Amino acid sequence: MPREKFYITTAIDYVNAYPHLGHLYEKVCADIIARWNRLIGRDVFFLTGTDENAAKNEKAAREAGLEVKDFIDRNAKRFQELCRAFNISNDDFIRTTEERHRKVSQLIFKKMFENGDIYKGSYSGLYCYGCEEYKTEKDLVDGKCPEHGTEPEYIEEECYFFRLSKYEKQVLELIEQNQFIIPEKRKQEMIARIKSEGLRDLAVSRSRVGWGVEVPFDPKHKIYVWVDALVNYISALGYPDGEKYKKYWPADVHLIGKGINWFHSVIWPAILLSCGIPLPKHILVHGYITIGGEKLSKSKGTAIDPFKLLEKYEVDAVRYFLARDIPFFEDGDFSEKALVERVNGELVGNIGNFIHRTLTLIWNLYNGEVPEPHDYENDRDCMRLLESIKMLPNTMREKFENYEIDKALKEVADFSIQCNRFLQAKEPWKTKDPNALFLCVNAVRTLAITLRPYLPSSSEKIWKMLNLDGLPEDYGWDSAGELAIKPGHRISKPEIVFKKI
RNA sequence: AGCGGGGUGGGCUAGCCAGGUCUAUGCCGCAGGGCUCAUAACCCUGAGAUCGGUCGUUCAAAUCGACCCCCCGCUACCA
């Protein structure tokens, strides 16, 4: 029987600057979801990448004193390094300047045109030559561009439009009648917006930009960045006849930040409908990371560099904090103080400490050999812990199915507290209680598996310390609920897994 | 400005929809004590909130209604 497939994407990032904490957060969340799906046995394809065709890049490159291509390559590399540095398990990394993407981007545009959904029109507005951008009233200060101090000029130019209006009914139906957008709050926002203002046709080409993908039948126009960017989700799979496309499309989850919900929930489905391509299953909208309650902002200096964090903290410490402290569907605040407190208090103090004390107890009291239990069925405390071991993967599965990755992780933390309490009650350092140690060592195994999506390398360390064969994924998620470590099994010499900061 | 969500001890948060048992929950942090196998876990005690404000409904409101203040999100045709 073929395995169920699971295709997850992140948004692709603009390369006009280096990655910040927000970029990392989205990748970590996607990684956790991807890894969890692998653990439950799905055939996962996890995509991330960079959006490199924006006109903004031209400007940013100029300011950096580099050729556009060099500038983009440099920054894109940085995003790839980010993935490696933080143990992100993406299966591919798409760059929209790659040929495999450009040709699909053009193909999609052509298809939309052939289906009668692209027509020529004109766009007009206030244009600032300095910025090479159209401006709105609110962009201006005293009628002038705040950056260049010049008055923008009213101009009109020819461009192509996408008949977005044609898909209003279908898109609204898609959103209203399905769990297409998660969470509900974001769904309601989109419904409200469609109902109040409807869908207007969208200008999908630009003729004033030098950097971008040419409209295939009219190369002086460039394809509008958003249309181009969205296409990455299928171009990376080799649309229209790549094996991966056939296998993995439609996407199960497009993970995005709340700021780009409209593009993913409305424009993207309309494009796909126009081309007759199946629609993705879910648009999953996470919250933002804030610093002192404020949005990350370069100008305010709050755009934290993830690489800087690694100079002080371990990868898994950062991952733990992001997954645990930021409520997945809402904004959450980042501070080093909060990170240190969370890691020291919970990851080290509860989870790490429990692991360490049970393993050293077995090491010291039983020379590293798991003792033979007897009649623990008659012990209330033992049966309660056993029940929790069995239940943990189930309760976490429920959370994961609702993408509540922060709440799922809290279950692990709560479990470790219970384990510590159990150990305290049994006092095996006095009693050598074999039942307690037998159950606890199995609880450690439960932790190794349930932490696997969040803290892949720490999980592996625990696994090795338990001296188990293979890796957690060889046994699968549900195995976390089993007493798979048998009496007589020898563990390795205990070492500290989570260090105090 | 329109629509939507929210304001609970230092921080986050439960409770509100189905009003009384809320003299308001849990976690973190803080003060003190117990215990000590362990990277001080676990247990106990304590300080700290009149539940944004005002008015009302009611025998009774954090919980219902009105108005006000503040915060946030989406939108304001962001090329």
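Remember, predicted model here, so these are calculated numbers, not experimental data. What you see below is based on every heavy atom in this structure, not just the backbone, and it leaves out hydrogens, waters and symmetry mates.
Rounded to a whole angstrom, the distance from the C1' atom of B/C68 to that of B/A47 is 34 Å. When the P atom is used for both B/C35 and B/C43, the distance is 16 Å, rounded to whole Å. For the P atoms, the distance linking B/A61 with B/C22 amounts to 15 Å, nearest Å.
Taking the ring centroids of A/Phe109 and A/His221, they lie at or beyond the 6.0 Å cut-off. Ring to ring, A/Phe329 and A/Tyr403 are not that close: their centroids are 6.0 angstrom or more apart.
Here A/Arg342 lies out of heavy-atom contact (under 4.0 Å) with every strand. Here A/Glu341 lies in heavy-atom contact (under 4.0 Å) with sugar-phosphate atoms only. Among the protein residues, A/Ala203 comes within range of the nucleic acid bases, having at least one heavy atom under 4.0 Å from a base atom. Counting any heavy atom pair closer than 4.0 Å across all strands shown, A/Arg193 reaches sugar-phosphate atoms only and no base atom. The residue A/Val497 sits close to a base: some heavy atom pair falls under 4.0 Å. Nucleic acid contact for A/Phe354: none, since no nucleic acid atom lies under 4.0 Å from a heavy atom of the residue.
Smallest separation of non-hydrogen atoms from A/Ser416 and A/Asn350: OG-CB, 3.4 Å.
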Show me the donor-acceptor pairs, under 3.5 Å and distance only, between side chains in residues 431-438 of chain A and residues at least two apart or in other chains.
unit_1, atom_1, unit_2, atom_2, d
A/Thr431, OG1, A/Lys426, O, 3.2
A/Thr431, OG1, A/Glu427, O, 3.1
A/Thr431, OG1, A/Asp433, N, 3.1
A/Asp433, OD1, A/Asn435, N, 2.9
A/Asp433, OD1, A/Ala436, N, 3.1
A/Asn435, OD1, A/His374, N, 2.7
A/Asn435, ND2, A/His374, O, 2.9

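A donor-acceptor contact closer than 3.5 angstrom is absent between the side chains of A/Thr96 and A/Asn232. No hydrogens or angles considered: nothing links the side chains of A/Asn364 and A/Thr360 as a donor-acceptor pair under 3.5 Å. Using a 3.5 Å distance cut-off with no hydrogens or angles, the side chains of A/Thr290 and A/Asp333 do pair a donor with an acceptor.
For NZ of A/Lys120, the number of neighbouring non-hydrogen atoms (other residues, nucleotides, ligands) closer than 6.0 Å is greater than 12.
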| Nucleotide-resolved protein contact map, nucleotides 10-15 of chain B, B/S/- at heavy-atom distance under 4.0 Å | ------
Anything under 3.5 Å between a protein N or O and an N or O of nucleotides 40-42 of chain B, put it in a table, one pair a line.
unit_1, atom_1, unit_2, atom_2, d
B/A41, O4', A/Asn353, OD1, 2.9
B/A41, O3', A/Asn350, ND2, 3.3
B/A41, O2', A/Arg357, NH1, 3.1
B/A41, O2', A/Asn420, OD1, 3.0
B/A41, O2', A/Asn420, ND2, 3.3
B/A41, N3, A/Gln424, OE1, 2.9
B/C42, OP1, A/Asn350, ND2, 3.3
B/C42, O3', A/Arg421, NE, 3.4

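The aromatic rings of A/Tyr160 and A/Phe217 lie perpendicular to each other, with more than 60° between the two planes, well past the 30° mark.
Residue A/Leu361 has its side chain nearest to B/C37 when only B/G73, B/A38, B/C37 are considered.
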